[in-house]
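Quick notes on the structure that follows.
Keep in mind it's a predicted model, so treat the numbers as computed, not measured. Whatever order the structure lists ligands and atoms in, that order sets their numbers, starting from 1.
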Amino acid sequence: MSLTAQNHRIPLNDGNSIPLIGLGTYSTPRTTDKDACYRAVKIAIDVGYRHFDGAWIYGNEEEIGRAFQEKIADGTVSRNDIYYCGKLWNTFHPPEMVQPFLEKILKRLNFDYIDLYIIELPLAFKPGDVMYPRDENGKYLYHPTDLCATWEALELCKDAGLVKSIGVSNFNRRQLEQILNKPGLKYKPAVNQVECHPYFTQSKLKAFCESHDIVIVGYSPLGTCRDPLWVNIKAPSLLEDPVLNCVAAKYKKTSAQVALRYQIQRNVVAIPKSFNPERIQLNFEIFDFYLTDEEMKTIDALNKNIRHVELLMWNDHPEYPFNDDY
Ligand code: A2P
């Protein structure tokens, strides 16, 4: 299949499809200008991006919605051209909260439906509007997690026409199997969104997902912003990798473009975040070169099995997903 800037969708197991490149929108609110996300989404639409990955917890869904509405109103795109992924936050796992939460997302975006709704983490927190509930000692307040019950509520959202596809994020194999083996399963997860880049290739989880027709969406495809407050920076910087830079030089590209091209060539959806106009453009210029099989294998071999996004503050949650091999 030849991938182009205009058409780089791959099929999902429910008959829908997903663009292989999307704009990530998480940015630390501490250091991000108000409106930065709004401006980035508008620029990205002009560049040609159609897929946008967001979440309630990022605190900028209204900005994204405003950008969408303006680009629809000025005729650059129609609603159907846009692919938006929204995420169910940890404090809204109880089944009766799943659809009302989605309705709040729709209201923020001013949309009738979203394209993809995923469970952001397999970690239920104390339900309610306090996003990071803690006790007086600062300890996180968790809630019994019933992934199957939450999943059934997502299935109902799809049946209600509020979302086209449903999926999960940060699920390990065991947690995926819980859903896949659920008696009466109506829809399989269409995607599992996980950290994925040349230093963390996820080859085992990818093979498992592929065997069940589940697409991997790879977050942090450039190795994150390396903010020491929440990123494990023990791994060297991905974009400075000599091998990636050597391949990049051959094609007159950047290491970032090679890292993104690597993902889309192996059918992993990549959602690089950038709010910088030049880098938004560069990250989309990955349809005019092709990595050879040998180069793909060389990049595969860069895997260091090092996770940048470990979420260690929640590693005492009974469903913490990252203790298993994959
Ligand atoms: P910025 O928004 O200033 O461009 P990831 O998608 O792996 O989480 O990486 C996001 C980080 O990488 C952000 O800090 C982003 O900063 C930066 N970034 C995005 N695109 C590029 C690029 N082409 N080259 C270098 N850094 C980039």
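- Across all non-hydrogen atoms, the minimal contact from Q193 to S169 is O-OG, 2.8 Å.
- Using cut-offs of 30° and 60° on the angle between ring planes, the pair W314 and F125 is perpendicular.
- Remark: ligand 1 atoms within the under-4.0 Å shell around heavy atoms of P221 are 6 (O), 7 (O).
- If you number the atoms of ligand 1 from 1 as listed, the ones under 4.0 Å from a heavy atom of T224 come out as 5 (P), 7 (O), 8 (O), 9 (O), 11 (C).
- Counting the atoms of ligand 1 from 1 in the order shown, those under 4.0 Å from a heavy atom of G223 are 7 (O).
- In terms of modelled atom types and a separation under 3.5 Å, the side chain of Y140 and the main chain of H317 share no donor-acceptor contact.
- In summary, the atoms of ligand 1 found under 4.0 Å from a heavy atom of N276, numbered by their order in the structure, are 4 (O).
- Contacts between K273 and ligand 1, counted as non-hydrogen atom pairs separated by less than 4.0 Å, involve both the backbone and the side chain.
- Not a single ring pair (Phe, Tyr, Trp, His ring centres under 6.0 Å) links Y262 to another residue, sequence neighbours left out.
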Please output the side-chain donor-acceptor pairs of residues 155-165 that fall under 3.5 Å, not counting sequence neighbours, one pair per line with the distance.
from	atom 1	to	atom 2	distance (Å)
E155	OE2	W151	NE1	3.3
E155	OE2	K186	N	2.8
E155	OE2	Y187	N	2.8
K158	NZ	K164	O	2.9
D159	OD1	K186	NZ	3.4
D159	OD1	Y187	OH	2.4
D159	OD2	K186	NZ	2.8
S165	OG	D14	OD2	2.6
S165	OG	N16	ND2	3.0

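- Close N/O approach between L222 and ligand 1 is found [any backbone or side-chain N/O within under 3.5 Å].
- Residue-to-ligand polar distances keep C225 apart from ligand 1: every N/O pair is separated by 3.5 Å or more.
- Between F287 and F284, the two ring planes are perpendicular [angle over 60°; tilted spans 30° to 60°].
- Using a 4.0 Å cut-off between heavy atoms, A256 contacts ligand 1 through its side chain alone, with no backbone atom that close.
- In this structure, the protein non-hydrogen atom closest to atom 21 (C) of ligand 1 is R279 CD, 3.3 Å.
- The two residues N7 and T4 have their closest heavy-atom pair at N-OG1, 2.8 Å.
- At a heavy-atom cutoff of 4.0 Å, ligand 1 is contacted by no atom of S27, backbone or side chain.
- A cation-pi arrangement is found for R79 relative to F111, the charged atom lying closer than 6.0 Å to the ring centre and inside a 45° cone about the ring normal.
- Under a cutoff of 6.0 Å and an axis angle of 45°, R173 and Y326 do not form a cation-pi pair.
- With a 4.0 Å cut-off on non-hydrogen atoms, N283 touches ligand 1 through its side chain and not its backbone.
- Set against the non-hydrogen atoms of L239, the atoms of ligand 1 under 4.0 Å away are 24 (N), 25 (C), 26 (N).
- Of all atoms in ligand 1, numbered sequentially from 1 with element shown, those under 4.0 Å from a heavy atom of P272 are 6 (O).
- At a heavy-atom distance under 4.0 Å, no atom of T254 approaches ligand 1.
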